[in-house]
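Reviewing the structure listed below.
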Amino acid sequence: MNEDLFDKMPIKRAVATLAIPTMLGMLVNIFYNMADTFFVGQTGDAAVSLTTPIFLLLMAVGNIFGIGGSSVISRKLGEKDREAVKHVSSFSFYLSIIAGIVMMFVFIFGMPKILHLIGASANTYDYAAEYLAIIGYGSIFVIVSTAFGNIIR
């Protein structure tokens, strides 16, 4: 870890050193989402619109571990407790994986009920089921990447 960043560097410079890469990463994410929305919108596929709340739920679960973990890590770094930082980041990582596995099983095995709850009709059911399966199998990666995106920041 770069101790000079917080111990010796002026606050404005330390914040800029951390904020600029974070903002650039957020901009890339925004451009990706805009392009994705544009191109998916051109297909007229309602399955993506129906399953977007499910994807957002996965991101929310990742945010629980990422924002919570980063809060504890920040406090432990301030206390110079490096061992606790390692434990918290490991805990966040493994719990993210476990949550991803649980969510994957919930989505795969509970798919008919979930699709009914999100409003899939006879016309969109097969497409939404296919897309939800992809989201379900990727849930581990979505949760872990969201969690650690927050922890790294």
Side-chain angles (χ1 to χ4, degrees), residues 1-43 45-111 114-115 117-118 128-153:
M1 288 188 201
N2 189 352
E3 294 177 12
D4 291 339
L5 185 65
F6 291 107
D7 291 344
K8 298 175 184 162
M9 192 179 287
I11 292 174
K12 287 183 180 181
R13 187 166 174 214
V15 170
T17 302
L18 294 174
I20 291 171
T22 300
M23 290 187 305
L24 290 173
M26 293 171 121
L27 281 172
V28 167
N29 195 16
I30 288 168
F31 287 132
Y32 167 79
N33 287 334
M34 287 171 51
D36 187 48
T37 302
F38 174 77
F39 288 111
V40 168
Q42 298 297 313
T43 66
D45 189 1
V48 175
S49 298
L50 285 171
T51 54
T52 296
I54 304 298
F55 189 78
L56 293 175
L57 177 66
L58 291 173
M59 291 178 67
V61 171
N63 279 326
I64 289 170
F65 301 118
I67 293 171
S70 66
S71 173
V72 174
I73 287 170
S74 295
R75 285 180 269 150
K76 294 302 175 186
L77 284 173
E79 296 169 4
K80 307 231 187 280
D81 187 355
R82 303 245 181 252
E83 266 319 293
V85 169
K86 293 176 187 177
H87 291 295
V88 171
S89 63
S90 295
F91 180 78
S92 295
F93 177 70
Y94 291 119
L95 217 52
S96 295
I97 291 173
I98 291 168
I101 291 169
V102 168
M103 296 298 276
M104 178 180 68
F105 282 112
V106 167
F107 292 153
I108 300 305
F109 294 113
M111 192 176 302
I114 293 170
L115 290 173
L117 283 172
I118 62 175
E130 186 177 338
Y131 195 68
L132 184 58
I134 294 168
I135 291 173
Y137 289 122
S139 62
I140 297 168
F141 303 106
V142 173
I143 291 173
V144 171
S145 67
T146 302
F148 273 81
N150 286 305
I151 287 177
I152 289 170
R153 276 184 229 147

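Just so you know, these numbers come straight off a predicted model, no measurement behind them.
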Do you know the tightest heavy-atom contact between [X] and [Y]?
{"X": "G69", "Y": "S92", "value": "CA-OG, 3.8 Å"}
{"X": "S139", "Y": "G100", "value": "OG-O, 2.9 Å"}
{"X": "T146", "Y": "G62", "value": "CG2-C, 3.9 Å"}
{"X": "V106", "Y": "I114", "value": "O-CD1, 3.7 Å"}
{"X": "M103", "Y": "L58", "value": "CB-CD2, 3.8 Å"}
{"X": "G66", "Y": "N150", "value": "C-CB, 3.6 Å"}

Would you compute the distance between atom [atom1] of [X] and atom [atom2] of [Y] and round it to the nearest 0.5 angstrom?
{"X": "F55", "Y": "F107", "atom1": "CZ", "atom2": "CZ", "answer": "10.5 Å"}
{"X": "I140", "Y": "I97", "atom1": "CD1", "atom2": "CD1", "answer": "7.5 Å"}
{"X": "S70", "Y": "R75", "atom1": "OG", "atom2": "CZ", "answer": "9.5 Å"}
{"X": "F91", "Y": "S96", "atom1": "CZ", "atom2": "OG", "answer": "9.5 Å"}

Inset, instruction - With the side chain counted from C-beta on, respond yes when I108 and Y137 share a heavy-atom pair under 4.5 Å apart, and no when they do not. - result: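 Counting from C-beta outward, I108 and Y137 do come under 4.5 Å.
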Inset, instruction - Side-chain contact test, heavy atoms from C-beta onward, threshold under 4.5 Å: evaluate it for M59 versus I143 and give yes or no. - result: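 A side-chain contact is absent here, since even the closest heavy-atom pair is not under 4.5 Å.
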Inset, instruction - Ignoring hydrogens and angles, tell me if any N or O in the side chain of S90 forms a donor-acceptor pair with the backbone of H87 under 3.5 Å. - result: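 Flag not set: sc S90 to bb H87 has no pair under 3.5 Å.
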Legend entry - CA sep, side-chain torsions, deciding dist, call: F148, I151, side chain to side chain contact (heavy atoms under 4.5 Å, CB included): CA-CA 5 Å; F148 273 81; I151 287 177; 4.2 Å; yes
